[in-house]
Amino acid sequence: MTTAQTQELDVQPSPLALLLLGREADPRSERGVECPGDLPSPSDPDLVARARAAKEKLGDKVFVLGHHYQRDEVIQFADVTGDSFKLARDAAARPEAEYIVFCGVHFMAESADILTSDEQKVVLPDLAAGCSMADMATAEQVAECWDVLTEAGVAEQVVPVSYMNSSADIKAFTGKHGGTICTSSNAKRALDWAFEQGEKVLFLPDQHLGRNTAVRDMGMSLEDCVLYNPHKPNGGLTAEELRAAKMILWRGHCSVHGRFSLDSVNDVRERIPGVNVLVHPECRHEVVAAADLVGSTEYIIKTLEAAPAGSKWAIGTELNLVRRLANRFAPEGKEIVFLDKTVCFCSTMNRIDLPHLVWALESLAEGTLVNRIEVDKETEAFAKLALERMLALP
């Protein structure tokens with residue numbers, strides 16, 4: 001991002017944002033594997049031409065997916081763009097594509113592998129593109145949590161609901177224990193279904209989406225929610241607290257959306273009179289409560305598409321998308337700014353840069369399969385069961 005672009009969105013780079021993304025490790029991610037092989041230099045003037053040539057050589061054998069939070073330099077090569085679940089379904093709808101190159105993060109590529117055929121191979125250009133939120137709930141931690149719920153005598157009343165932003169292992173746990181997956185668009189429907197099956201919900205791994213949906217959309221109180229901390233004995237909760245709770249929230253969060261604060265909302269309202277504050281439901285509860293509108297990435301895009309010319313918007317989501325929307329709608333007279341003054345990239349998502357994409361495409365074009373993401377059959381079966389329950393939601 002150039003200085004001019006950051007000034008247009010009224011933001012200033014933070015130290016984390018100034019990492020040479022794709023060349024450094026995210027200090028908050030558990031992932032840190034290096035990309036094997038020799039990457040092209042970021043300064044190579046032929047990178048765009050090389051990516052285009054490799055993609056053309058592969059033809060219909062490759063299908064490139066680009067998440068909304070990806071860099072513009074990568075998005076330009078995506079056959080489709082969207083959120084994680086839409087992209088996974090798009091991949092499943094292209095059975096003729098032998099290679100699915102997923103420009104996103106690890107859990108997204110896992111979902112694509114679960115939903116595509118055995119003949120299709122899912123590739124993640126940089127294996128270090130993880131998700132800090134997904135990494136906050138491991139299979140071992142969730143199994144221990146279930147033991148705590150069992151000892152408290154409430155496990156039989158609990159239905160797990162896991163956010164799409166979770167690992168295949170967590171999706172499989174959810175499927176095995178009678179639960180479902182949700183997206184930020186259908187979280188309320190998923191919770192309505194879950195409370196028809198049981199008296200309590202274990203919501204994984206994003207506490208904010210679970211809390212915001214329960215309180216804002218379903219009329220529960222904050223007292224109905226308890227926070228399970230996997231790093232404390234018994235999750236930091238007593239058996240009595242677990243018995244009284246309706247929503248057992250996992251102590252996880254998005255490192256991007258969790259950075260927005262109530263001060264951010266108050267500051268932008270003071271700086272831009274008449275601004276509409278539109279935020280993602282992964283934001284903190286106090287931010288969501290202070291916003292004018294709340295919704296998923298797709299909701300944010302559609303809202304701005306329908307907004308009248310001359311309207312002013314402060315958006316609380318990942319900066320690559322906000323910048324792209326600001327540029328897209330500027331000719332229509334819509335003023336779109338980033339909610340916070342500090343640059344807030346998804347640093348792991350940004351690891352998928354043009355050198356990694358070129359390396360992956362050229363390797364495939366030469367007949368070398370690289371960075372394949374493959375979920376084992378047992379995990380896939382239970383994870384798919386949980387996903388199918390979501391697809392069957394009314």
Side-chain angles (χ1 to χ4, degrees), residues 9 67-69 82-86 133 161-165 181-194 201 203-222 224-225 227 246-247 249-250 252-270 272 274-308 311-326 329 334-340 344 346 390 393:
L9 290 178
H67 191 273
H68 286 308
Y69 296 167
D83 61 16
S84 58
F85 184 59
K86 174 184 180 296
M133 180 201 296
V161 175
S162 291
Y163 191 21
M164 180 62 70
N165 300 28
I181 307 303
C182 76
T183 68
S184 52
S185 299
N186 68 6
K188 181 180 183 300
R189 274 184 289 156
L191 288 179
D192 284 338
W193 174 88
V201 164
F203 195 89
L204 301 152
D206 181 24
Q207 60 169 305
H208 300 307
L209 178 61
R211 183 182 294 106
N212 289 330
T213 305
V215 177
R216 182 178 182 273
D217 300 333
M218 301 179 68
M220 295 186 199
S221 69
L222 290 173
D224 290 324
C225 307
L227 190 64
K246 292 182 180 179
M247 290 286 292
L249 306 171
W250 191 265
H253 64 276
C254 170
S255 59
V256 170
H257 294 106
R259 291 170 68 100
F260 298 114
S261 66
L262 185 57
D263 287 342
S264 303
V265 178
N266 294 333
D267 178 71
V268 80
R269 290 197 191 281
E270 184 176 338
I272 308 175
V275 71
N276 299 285
V277 177
L278 170 56
V279 304
H280 195 281
E282 289 177 18
C283 292
R284 301 178 189 181
H285 182 67
E286 59 267 25
V287 173
V288 164
D292 298 300
L293 294 169
V294 181
S296 67
T297 302
E298 296 290 344
Y299 174 85
I300 290 171
I301 295 170
K302 290 177 181 177
T303 298
L304 293 176
E305 286 175 341
S311 55
K312 302 174 182 180
W313 298 86
I315 309 300
T317 193
E318 206 273 343
L319 183 55
N320 274 317
L321 175 61
V322 178
R323 181 188 65 189
R324 192 173 300 125
L325 293 171
F329 294 116
K334 301 172 187 178
E335 181 182 349
I336 297 171
V337 302
F338 192 59
L339 178 57
D340 195 34
C344 199
C346 176
M390 180 182 75
L393 290 174

Worked verdict on Ser221 versus Asp224 for side-chain hydrogen bond (donor to acceptor under 3.5 Å, both in side chains): CA-CA 5 Å; Ser221 69; Asp224 290 324; 3.2 Å; yes
From His67 atom NE2 to Asn320 atom CG, the distance as rounded to the nearest 0.5 Å: 11.0 Å
Where at least one partner belongs to residues 206-217, residue pairs that pass salt bridge (Lys or Arg N to Asp or Glu O under 4.0 Å), sequence neighbours excluded: none
Distance in Å, Leu249 CG paired with Leu227 CG, rounded so as to fall on 0.5 Å steps: 6.5 Å
Ala214 versus Met247, closest heavy-atom pair with distance: CB-CG, 3.8 Å
pair Asn276-Leu293: side-chain heavy atoms closer than 4.5 Å: no
Sub-4.5 Å side-chain heavy-atom contact between Met390 and Thr183: yes
Polar side-chain atom of Lys246 near backbone of Met220 as donor-acceptor pair, under 3.5 Å: no
Worked verdict on Leu393 versus Asp192 for side chain to side chain contact (heavy atoms under 4.5 Å, CB included): CA-CA 10 Å; Leu393 290 174; Asp192 284 338; over 6 Å; no
Flag side-chain contact, heavy atom, 4.5 Å: Thr213 against Phe203: no
Minimal non-hydrogen separation, Leu304 against Ile336, with atom names: CD1-CD1, 3.9 Å
Nearest non-hydrogen partners of Ser261 and Val287, listed with the distance: C-CG2, 3.5 Å
Working for side chain to side chain contact (heavy atoms under 4.5 Å, CB included), residues Trp313 and Leu325: CA-CA 11 Å; Trp313 298 86; Leu325 293 171; over 6 Å; no
Atom pair CG (Leu339) and CG (Leu319), whose distance is rounded to the nearest 0.5 Å: 11.5 Å
Nearest atoms (heavy-atom pairs only) where His280 meets Val294: C-CG1, 4.3 Å
Interatomic spacing from OG in Ser311 to CZ in Phe329 - rounded to 0.5 Å: 10.0 Å
Parallel, tilted or perpendicular: ring planes of His257 versus Phe260, cut at 30 and 60 degrees: tilted
NE2 on His68 to CZ on Arg324, rounded to 0.5 Å: 8.5 Å
Distance-only side-chain donor-acceptor flag, Tyr299 / Ser184, under 3.5 Å: no
Atom of Val201, atom of Ala194 and distance for their closest heavy-atom approach: CG2-CB, 3.6 Å
Nearest atoms (heavy-atom pairs only) where Val288 meets Cys283: CG2-O, 3.8 Å
Pairs satisfying salt bridge (Lys or Arg N to Asp or Glu O under 4.0 Å), at least one member in residues 279-299, at least two apart: Arg269-Asp292
Main-chain N/O of Asp263 paired with Asn266 side-chain donor or acceptor, under 3.5 Å: no
Test item: Lys312 side-chain N/O and Ile272 main-chain N/O as donor-acceptor pair under 3.5 Å: no
From CG (Leu209) to CG (Asn165), nearest 0.5 Å: 8.5 Å
Arg259 vs Asp340, side chain to side chain contact (heavy atoms under 4.5 Å, CB included): CA-CA, chis, key distance, verdict: CA-CA 9 Å; Arg259 291 170 68 100; Asp340 195 34; 5.6 Å; no
Audit row: Phe338, Val268, side chain to side chain contact (heavy atoms under 4.5 Å, CB included) steps and yes/no: CA-CA 9 Å; Phe338 192 59; Val268 80; over 6 Å; no
Pairwise side-chain contact, Leu222 with His285, heavy-atom cut-off 4.5 Å (strictly under): yes
